[in-house]
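What follows is a set of notes on a single structure, which appears directly below.
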Amino acid sequence: MGVVERVMFFIALAVLCVASTAEVYMVGDDHGWNINSLAYYKEWYASKAFKIGDSIVFEYAPERHNVVQVTYENYNKCNASSPIKTFNSGKDTIPIKANGHYFYICGIPNHCGMGQKVNIRVVSRDSPVTPTPPSGITVPSSSTPAPPPSTAVTFSKDLIGTFGFVVLAAVAAVA
Ligand SMILES: *[C@@H]1O[C@H](CO)[C@@H](O)[C@H](O)[C@H]1NC(C)=O
């Protein structure tokens, strides 16, 4: 490899090392946000590794469904009467901005009970795992100050960067 190629290779490798792709997840995949069985949605959300920077998209006929973000308790009870947030455009894109556990149900009577509900658990690989309360217990958010995530992210990126450099050094030595 010539000098230019090595430099290009290093840049490409460095980009690969720091870039983490933001995913856009269509809730329910091909079936969208509809009355599908609870098992269907469970399988859908259990198979995803949601992280900060990703988005989830609810796509549905707005005259038939909506999206209501609720507490864990109201998620279990399918109670949409005190929403944290309500969406009703028919195509709602919700960016994931923080670690946590997010609960969405359809607010149209009976739809949640028929299985139209998802829970989105976000645990970033770059940040320390935030303990989630055991089922049924709600911890007031004020009592748990969020840890500063920036140090963890920087540390982890440094590690990856170092790793990338070691890989590069090895390749360069061979080339
Ligand atoms: C629904 O939730 C609200 C607020 O949390 C509560 O006041 C109401 O009693 C609940 N309704 C049912 C049927 O549980």
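We use all heavy atoms of the structure for the numbers below, so side chains are in, but hydrogens, waters and symmetry mates are not. Counting starts at 1 for both ligands and their atoms, following the listed order.
- For Tyr25 and Trp33, the distance between ring centers is not under 6.0 angstrom.
- Nearest protein heavy-atom neighbour of atom 9 (O) of ligand 1: Asn79 ND2, 4.7 Å.
- Classified by interplanar angle (parallel below 30°, tilted 30° to 60°, perpendicular above 60°), the ring pair Phe103/Tyr75 is tilted.
- Contacts of Asn74 with ligand 1, taken as heavy-atom pairs under 4.0 Å, involve the side chain alone.
- Applying the 4.0 Å criterion to heavy atoms of Ser81 picks out, from ligand 1, the atoms 1 (C), 2 (O), 3 (C).
- Shown here, atom 14 (O) of ligand 1 is in close reach of the protein: a heavy atom of it lies under 4.0 Å off.
- Looking from atom 4 (C) of ligand 1 to the surrounding protein, the closest heavy atom is Ser82 OG, 3.0 Å.
- Cys pair Cys106 and Cys112 fails the test of SG atoms under 2.5 Å apart.
- The ring of Tyr104 has its center closer than 6.0 angstrom to the ring center of Phe58.
- When ring centroids are compared, His101 and Tyr72 stay outside the 6.0 Å threshold.
- For atom 2 (O) of ligand 1, a protein non-hydrogen atom is found at a distance below 4.0 Å.
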